[in-house]
Amino acid sequence: MDRALNVGLWLLLAVIWSSSYAIIKIGVETIDPAVLVFGRMGLGAIILVAVMLSRGVRFEMSWAAWRIYFITGVMGTALPFFLISYGELHVSSSLAAILMGVAPIASVVLAHFVLAGERLTKRSTFGVLLGFGGLILLFGIDALSAIGSHLVGQIALVGAALCYAMNTVVIKRAPKRHPLEMAAGSMSVGAFFIGVATLVSLDVSNLATPSTASVIAVIFLGVVPTAFAMMIFFFLVNRIEAKQMSQINFAVPVGGAIIGVLWLGEQLTTNQLLALPVVVLAIYLVTSKTVVRAAAVMSVKR
């Protein structure tokens, strides 16, 4: 029963995070990316703080604690959320999924050089490269033909992936704290940061009237891929091994691309079917060893 529950929640988590790409695409149609991120994070922070307090957990009122809240809030939530939302103004959700596939690669490479015991091997290196190749195969070489046509948007997405990777290392090196405290603290600080930045830089005169679909997208992003997904992650992380959790790092880009095809009507090719066993093999090669344990933490900020 416990195993079935763990597998079911893992699959649900992968689906939830995979949906973010397509939902963001809908949200930024009529809502400024900064406003979307603030709405998503603000709502997510409110929910997480409420859950944290209901469980008797409190914020630690020390400089060291709030410093880590700030670092993870900005680098792990506010900045990458904004970069992804901005990038999807110019990039299809399928190409966005490929570019975000840089995150697990960067995560394990950084861990190799920074974290003791997180060393890459030939097997895992091949698996990581195979996984990224599988993402490219999933959409076909044609998906890469758009690279360079909207360079700023594509750089924004790669930047978001690198933020997640660096945030992983920061969390792994930071003193251990209650998971809900870390999530609520970083999300609250991140929401405050992006809120201030939005008020300072936003040109209200150029704002369009948001559509109902975009408003619903923001609410969905705040409740499901942000707050609810974090709760599932924190429940699972103490029940299954980190290397099992890390498989989501490859599953999410694949799932995001598939949802983009099914929901947004993006082109479906036979390469997608061919790519699935490649990605599955890559996941096995990488996560069958413990070299990517650090990558598991990255997924909580998607």
Using side chain to side chain contact (heavy atoms under 4.5 Å, CB included) as the criterion, list what pairs up with A78, not counting sequence neighbours. M41, F193, I194
According to side chain to side chain contact (heavy atoms under 4.5 Å, CB included), who are the partners of A50, at least two apart in sequence or on a separate chain? none
[atom1]/[X] to [atom2]/[Y] distance, rounded to the nearest 0.5 angstrom?
X	Y	atom1	atom2	answer
T209	I31	OG1	CD1	11.0 Å
I68	E181	CD1	CD	11.0 Å
L12	I232	CG	CD1	4.0 Å
T198	L36	OG1	CG	10.5 Å
I16	L11	CD1	CG	11.0 Å
L180	M230	CG	CE	10.0 Å

Flag yes if more than 12 heavy atoms outside R58 fall under 6.0 Å of its CZ atom; otherwise flag no. yes
Kindly check if the number of other-residue, nucleotide or ligand heavy atoms within 6.0 Å of CZ (F228) is above 12? no
Starting from V200 and following side-chain heavy-atom contacts under 4.5 Å between hydrophobic residues (I, L, V, M, F, W, Y), which residues can be reached? F192, V196
In the hydrophobic clustering (ILVMFWY, side-chain contacts below 4.5 Å, transitive), which residues join I216, or is it alone? none
Are the side chain of T226 and the backbone of V223 linked by a donor-acceptor contact shorter than 3.5 Å? no
If only atom types and distance count, is the side chain of S188 paired as donor or acceptor with the main-chain N or O of G185 below 3.5 Å? no
Do [X] and [Y] belong to the same hydrophobic cluster, where Ile, Leu, Val, Met, Phe, Trp and Tyr are linked whenever their side-chain heavy atoms lie under 4.5 Å apart, directly or via other members?
X	Y	answer
V57	F59	yes
L48	I219	yes
I46	F220	no
M182	L53	yes
V215	V224	yes

For Y86, the ring-ring contact (aromatic ring centres under 6.0 Å, His included) test, sequence neighbours excluded, returns H90
Salt bridge (charged side-chain N to carboxylate O under 4.0 Å, His left out) partners of E60, counting only residues at least two apart: R177
Working for side-chain contact (heavy atoms from CB on, under 4.5 Å), residues V15 and W10: CA-CA 9 Å; V15 171; W10 189 95; over 6 Å; no
So, S211 versus T30: side-chain donor-acceptor pair below 3.5 Å or not? yes
Are the ring centres of F82 and F38 closer than 6.0 Å? no
How far apart are the closest heavy atoms of [X] and [Y], and which atoms are they?
X	Y	result
K25	E29	O-CG, 3.3 Å
A229	L13	O-CD1, 3.4 Å
G27	S214	O-OG, 3.3 Å

Minimum side-chain heavy-atom gap [X]-[Y] below 4.5 Å:
X	Y	value
R67	I71	yes
V170	T72	yes
S186	F70	no

Can you list the steps and then say if I24 with R40 is a side-chain contact (heavy atoms from CB on, under 4.5 Å)? CA-CA 10 Å; I24 290 172; R40 170 185 184 174; 3.9 Å; yes
